[in-house]
Amino acid sequence: MNDYLIEVRNLKMYFPILSGVLLPRKVGEIKAVDDVSFFIRRGETLGLVGESGSGKSTLGLCLLQLYRPTAGEVLYRGRNLGQIRGGDLRRARRKMQMIFQDPYGSLNPRMTAAGIITEPLQIHRLMPRRAYRKRVEELLTLVGLSPDQANRYPHEFSAGERQRIGMARALAVDPEFIVCDEPVSALDVCVQAQILQLLADLQSRLNLTYLFIAHDLAVVGSMSNRIAVMYLGRIVELGSREHVLRKAVHPYTRALLSAIPVPDRAIEKARKRAGHPVDVPSALRPPTGCGFRPNCPEAEESCRD
């Protein structure tokens, strides 16, 4: 356990549903994250995969305490983040950063690239103001941009370049853990490959630890040491990359793997699909027992419990 950087124990994140205007009352709750436990070792990448609405991004936000969990614990270096506030939490967050999914909405359109990257340095007071410019140039170079672009605004960059600015902002405070929340889903395929390679190079160079969130198993498989499969707020399968991709046990994981397209018409035509296209049950009224039970071709009566 000494090499655990992040440890999550029985984490829950429920969002209340309120009815009424003047005197709102709770009429239900959405179980976005429902009793999740796992760990992330120093220097590794844990891939978190699942379809839209499964709770992946909410889980990432809970790790950084941007959402305060309803129940459970998030331990960073053995310290329970749910028990700290104010300046202590800010200092802990310096070592935990996030790369957001949307390279358009995650950057302030009124700030230059230099201003966006400098802001974390100002908040955490890491260096004197006169050193900001040199640090910005170093970070832009690190993520593959030219220092000459520092005074440009976000609309003057391509989507891939915007995502590189977001990466530079995350790296500005020298973090050791980064939540990558679908960082390539909004990018072209060729740009995706460049960003994934950059993330891998940065991890090797800076000894970073990643939680890599995506809905594409092929992308997750190329980045991760271990993979967690999430469905309806719960982790249904967790194991090494080789185990999950080649010897998947859960029917939902096998259904995801069978949905990955193969660039060969004959092979693709002969493949057997695991399961069938279905709708995800509502997180407001999840099924009892296993959440995948209503859509599972292998469901048994015991799965209700």
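- Linking ILVMFWY side-chain heavy atoms closer than 4.5 Å, directly or via other members, places L198 and I117 in a single hydrophobic cluster.
- Among all heavy-atom pairs drawn from Y210 and L199, the shortest one is OH-O, 2.8 Å.
- Put simply, the side chain of R93 gets close to the backbone of L64: a donor and an acceptor are under 3.5 Å apart.
- A cation-pi arrangement is found for R226 relative to F39, the charged atom lying closer than 6.0 Å to the ring centre and inside a 45° cone about the ring normal.
- Under the side chain to side chain donor-acceptor pair (under 3.5 Å) rule, E176 has a single partner from R94, R77, Q97, which is R77.
- Using modelled atom types, one side-chain atom of R85 and one backbone atom of G82 make a donor-acceptor pair closer than 3.5 Å.
- Scanning all heavy atoms of the two residues, the minimum distance from S37 to I235 falls at O-CD1, 4.5 Å.
- Among residues two or more places apart in sequence or in another chain, the ring-ring contact (aromatic ring centres under 6.0 Å, His included) test is passed with F177 by none.
- A single hydrophobic cluster is not seen to contain both M167 and V173; linkage of ILVMFWY side chains at heavy-atom distances under 4.5 Å, directly or through other members, places them apart.
- Each of D3, N225, T209, L46 was evaluated against R41; a single residue qualifies, D3, per the side chain to side chain contact (heavy atoms under 4.5 Å, CB included) test.
- Contacts of E119 classified as salt bridge (Lys or Arg N to Asp or Glu O under 4.0 Å), with partners at least two apart in sequence or in another chain: none.
- Separation of atoms CG (L107) and CD (E161) is listed at 12.0 Å; rounding is to 0.5 Å.
- Between the side chain of D216 and the backbone N or O of A218 there is at least one donor-acceptor pair closer than 3.5 Å.
- The shortest distance between side-chain heavy atoms of L140 and S146 does not fall below 4.5 Å.
- Of the possible donor and acceptor atoms, one in the side chain of R254 sits under 3.5 Å from a partner among the backbone N and O of V249.
- With a 4.5 Å cut-off on side-chain heavy atoms, Q197 and Q194 do not count as touching.
- Listed for the S224 side chain is no donor-acceptor partner under 3.5 Å among the backbone atoms of I227.
- L126 and I178 sit in two unconnected hydrophobic clusters of ILVMFWY residues. Membership requires side-chain heavy atoms under 4.5 Å apart, directly or through other members.
- Clustering ILVMFWY residues whenever any of their side-chain heavy atoms sit less than 4.5 angstrom apart, transitively, puts V8 in the very cluster that holds I84.
- With 3.5 Å as the limit, one finds no donor-acceptor pair spanning the side chains of E182 and S57.
- Q192 and D188 share no donor-acceptor pair across their side chains, judged by distance under 3.5 Å alone.
- Taking OG1 of T45 as the reference point, atom CD of Q203 lies at 3.5 Å (rounded to 0.5 Å).
- Ring-centre distance between Y76 and Y4: not below the 6.0 Å cut-off.
- Of the candidates V236, V49, L256, Y231 forms a side chain to side chain contact (heavy atoms under 4.5 Å, CB included) with just one, namely V236.
- Classification of the H250-Y252 ring pair by plane angle, with boundaries at 30° and 60°, yields perpendicular.
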